[in-house]
Asks: 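I have a structure I would like to understand better, so I am pasting it below and will then ask my questions one at a time.
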Protein chains: 2
Amino acid sequence: MRRAHHPATEELSLPEVMAALSDPLRIGLVRVLADGAERGWGELRAPVAKSTLSHHLRVLRDAGVTRTRQEGTRCFVTLRRQDLQTRFPGLVEALLAAAGAEGVGSGVHLAPGGN
Amino acid sequence: MRRAHHPATEELSLPEVMAALSDPLRIGLVRVLADGAERGWGELRAPVAKSTLSHHLRVLRDAGVTRTRQEGTRCFVTLRRQDLQTRFPGLVEALLAAAGAEGVGSGVHLAPGGN
DNA sequence: TTCGTTGTTCGTCGAATATCGAACAAGCTA
DNA sequence: TAGCTTGTTCGATATTCGACGAACAACGAA
């Protein structure tokens with residue numbers, strides 16, 4: 001579990017962010033994180049193998065969409081909403097609104113018990 | 001030169017549109033078309049082979065981002081801004097603003113003489 | 001130290017993408 | 001009809017992506 005790299009705000013790449021946000025599962029993850037709360041990795045439920053989920057979270061992290069904090073053997077994920085808003089104003093809001101209206105990424109949700 | 005398929009407004013897929021807009025060259029094409037004017041294919045200049053340009057225009061068209069009209073042996077392209085705004089409000093505006101600020105897709109431009 | 005938990009990384013696979021040049025097709029034009 | 005122009009389509013490559021299971025690494029607990 002090497003320490004993950006997070007691009008600085010000024011390093012965010014628009015095409016990279018757009019690409020990260022072009023997958024339904026990743027859009028679902030962003031939706032789940034949209035309320036700004038920090039979520040535990042294990043709290044995230046998606047219909048894919050955990051290695052696949054790890055991959056998608058890495059794509060989001062590498063693009064600068066999310067931030068991962070490590071605590072012991074656990075990880076916590078947050079949406080870098082302010083950073084994204086600074087660099088690409090309105091983009092995430094528009095995406096979330098559209099995704100919500102369309103039900104994109106609805107396969108992703110949180111563990112019932114708040115696990 | 002078969003007649004191209006254009007998805008209806010209600011058929012636009014958010015992930016597909018996001019994917020179409022995740023390539024610098026395609027973002028550049030959208031920027032060039034952002035003023036709403038219809039542009040001739042031959043007017044578009046990009047640092048790629050014409051078959052590659054044709055491919056990118058097809059990706060945009062298939063995703064519903066642009067509309068292609070054929071007139072004789074020539075093609076004219078427009079941005080489907082209203083359709084996109086209807087389905088994904090604010091998305092294209094946010095993208096254009098960010099791309100403009102970042103200079104994304106600046107390799108694409110119009111032929112000097114308006115060809 | 002020995003487990004058990006928690007994510008990451010690795011190796012692999014098939015599908016998709018970006019790119020090019022060449023060949024092609026559809027209309028004009030001579 | 002014979003060219004010319006204009007894009008599209010067709011291979012051919014090279015690369016990337018999404019997915020999986022298995023192996024691994026880091027840490028806490030027993």
Asks: Nearest to the Ser51(B) side chain among dT8(C), dT9(D), dG7(D), which nucleotide is it?
Replies: dT9(D)

Asks: Phosphate oxygens OP1/OP2 of dT19(C): is one of them under 4.0 Å from a side-chain N or O of His56(B)?
Replies: yes

Asks: Under 4.0 Å: is that the gap between some side-chain N or O of Arg74(A) and OP1 or OP2 of dG28(D)?
Replies: no

Asks: With sugar-phosphate meaning primed atoms plus P, OP1 and OP2, does His55(B) contact a base, only sugar-phosphate, or nothing at under 4.0 Å between heavy atoms?
Replies: base

Asks: Could you tell me the separation between the CD atom of Gln70(B) and the P atom of dT8(D), rounded to a whole number of Å?
Replies: 8 Å

Asks: Quick one: is dT5(D) close enough that its OP1 or OP2 comes under 4.0 Å of any side-chain N or O from Trp41(B)?
Replies: no

Asks: Side-chain N or O of Ser54(B) less than 4.0 angstrom from OP1 or OP2 on dG7(D)?
Replies: no

Asks: Considering residues at least two apart in sequence or located in another chain, which fulfil the salt bridge (charged side-chain N to carboxylate O under 4.0 Å, His left out) criterion with Arg87(B)?
Replies: Glu102(A)

Asks: Asp23(A) has a side chain; which of dG7(D), dG18(D), dG21(C) sits nearest to it?
Replies: dG18(D)

Asks: Rounded to whole Å, how long is the line connecting atom CZ of Arg69(A) with atom C1' of dT8(C)?
Replies: 18 Å

Asks: In plain terms, say whether Arg81(A) and Glu93(A) are close enough for a salt bridge, that is, a side-chain N and a carboxylate O under 4.0 Å apart.
Replies: yes

Asks: Does a side-chain N or O of Arg26(B) approach OP1 or OP2 of dA18(C) to a distance below 4.0 Å, or not?
Replies: yes

Asks: Check whether any side-chain N or O of Arg58(A) sits under 4.0 Å from OP1 or OP2 of dC10(C), and answer yes or no.
Replies: no

Asks: Of Pro47(A) and Lys50(A), whose closest DNA chain D nucleotide lies nearer the 5' terminus?
Replies: Pro47(A)

Asks: Heavy atoms, side chains only, cut-off 4.5 Å: are Pro15(A) and Pro24(B) in contact?
Replies: yes

Asks: Could you tell me how far apart Leu60(B) (CG) and dT17(C) (P) are, to the nearest whole angstrom?
Replies: 13 Å

Asks: Scan Val48(B) against the nucleic acid and name what it touches under 4.0 Å (heavy atoms): base, sugar-phosphate only, or nothing.
Replies: sugar-phosphate

Asks: Rounded to the Å, how far apart are Arg45(A) CZ and dG7(C) C1'?
Replies: 13 Å

Asks: Are Asp35(B) and Arg31(B) close enough for a salt bridge, meaning some N to O gap below 4.0 Å?
Replies: no

Asks: Give a yes/no on whether any side-chain N or O of Thr73(A) is located under 4.0 angstrom from OP1 or OP2 of dG7(C).
Replies: no

Asks: How do Phe76(A) and Val59(B) order along DNA chain C: which one's closest nucleotide is nearer the 5' end?
Replies: Phe76(A)

Asks: Do Asp23(B) and His56(B) have side chains that approach each other closer than 4.5 Å (heavy atoms only, starting at C-beta)?
Replies: yes

Asks: Given atom CD of Glu71(B) and atom P of dC28(C), what is their separation to the nearest angstrom?
Replies: 9 Å

Asks: Take atom CG of Leu53(B) and atom P of dC20(C), then tell me their distance rounded to the nearest Å.
Replies: 10 Å

